[in-house]
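Just follow the structure's listing: the first ligand is 1, and inside any ligand the first atom is 1. Computed from a prediction, not measured in an experiment: that's the story for all the values here. Worth knowing before you read on, the calculation uses all heavy atoms, side chains too, and leaves out hydrogens, waters and symmetry mates.
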Amino acid sequence: MALANRFYYIFFTTLFFLFNSCTQEPPAIPADMAKADLIPYPVALTATGSSFALKASTKIQVADDAGVKAVGEYLADKLRPATGLPLTVEVGTAEKDVIHLALGANDAELGSEGYLLEVTEERVHLTANEAAGLFRGVQTIRQLLPAKIEASTAQTADWIIPTGNIKDYPSYAHRGSMLDVSRHFFGVEDVKRYIDFLAFYKMNVMHLHLTDDQGWRIEIKSWPKLTTHGGSTEVGGGEGGFFTQEQYKELVAYAQARHITVIPEIDMPGHTNAALAAYAELNCDGKARELYTGTEVGFSTLCTDKPITYQFIDDVIRELAAMTPGPYIHIGGDESHATKKEDYIPFVNQVQDIVNKHGKQMIGWDEIATASLKPNSIAQVWASVDNAKLAVEQNTKILMSPARKVYLDMQYDSTTTLGLHWAAYIEIDSSYIWDPATYIPGVGKDQIIGIEAPLWSETVTKMDEIEYMVFPRLPGLAEIGWTPAASRNWDTYKQRLGQHGPRMSTMEIDFYRSKQIPWAN
Ligand code: ACM
């Protein structure tokens, strides 16, 4: 080659490489979707070994549908703070550099909450039959990204999503948790944070235990003293509090935006001292009770043979039903030890009619199965196998909340300082290793609508304490509700949960570092 030719050769090849290094994408980072620490674990997952990278140019493209757009905005809100990327949400169907959300998965098996996720180096494609399915799939996208994605300020990381395909849908239709805001009151911001925890683990029910002996926490305009007097204290004598109807509606809307149903509970005929203190006429002797700040149960009862009692219940259920879009009103019905059995049964039957009259289905704790249940009522089984069987015999479905497995206020072991242990000590393995479909002999999956984990708040006074009792048991209970029994395995679950440690830390969740779990740093 002549010198001049050699010069041109070197000059142009150098230019060529320089040009390419400016315009060509860096090679995709290898990643294994099968090693992703997803909780709840999906129904089916195939890894393809590479990754999709979020970049400054990446867009979230959505179908032209209000529900889909809302899920797209939610995803952008979750991914922007840590990545610092714009992640514009727009209507479109580009083939490259997008996270695309669309309906029309056209797969009946997915139901209303299932989704298909296809991740290639070029794009992320999430489809579902309904927006609720996209919302659940978005939680999977969050968990496929590095744990730092949950930070509220910009972080440095390779923002990659492993490539592969996921097909996913829940085992049970009802997957929830209950928060007792009566024994200690928790305000709007705390409940919203709790709802966000449920959303992250694909749960879909927030049950609010709104009334008990120690406090009435929901404004009822036709009976104002329920809250002004009945809500004025709590366990230990603190100042208590209550939700105005506007605040309650705000919580319902917040949950709805996360495809979560709020179930409000008005516990009766027992657990009613706060109401009995507010209104003398609800007592058989016509005398108002003192407010109560202790933790005993089973001493209070509405007067079941006074007409005013049913007028009161009708007013309360009417106001509550009007601001509750979900199908259920929970009427408690547990531990009515101060109500005679012959009064309890007609009482529950009558309250069931009132709930139905206001367009809702009744849920109650398992004791309600001793009454005559309608097929669309639900018995929430917390203690009694006999009551579970009574419900099933009446063709009434069951919601599984066995205290020995799912009560989040139960202590982890004898060294736990918060919580109680009347049902059991519940370490992480015990909470995870059980199957709702085989837990009660003779009651199978078809008779069970799902599972719910209650957090009673006799000993729990603030958000940090809520977090300590809820985490890390909630993720495992979410998995029991979502993942098929055949895919649940304690040995692999505890590894995945260990990897969620940094994720929970990034979310500033004050969780219990159980020695059973190999926590990642
Ligand atoms: C309950 O734990 N009393 C339902």
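The side-chain tip of R473 points at the ring of Y412 from less than 6.0 angstrom away and within 45° of straight on. At least one test fails for K462 against the ring of F186: distance under 6.0 Å to the centre or angle within 45° of the axis. Seen from the ring of F197, R193 does not count as a face-on cation partner, given the 6.0 Å and 45° thresholds.
Within ligand 1, counting atoms from 1 as listed, the ones closer than 4.0 Å to a heavy atom of Y407 are 1 (C), 2 (O), 4 (C). When each atom of ligand 1 is checked for a heavy atom of W456 under 4.0 Å away, the hits are 1 (C), 2 (O), 4 (C).
Note: H174 and Y328 have tilted aromatic rings, judged against thresholds of 30 and 60 degrees for the angle between ring planes.
Polar contact with ligand 1: absent for W422 (N/O pair, distance under 3.5 Å).
Among protein heavy atoms, atom 3 (N) of ligand 1 sits closest to D334 OD2, 2.7 Å.
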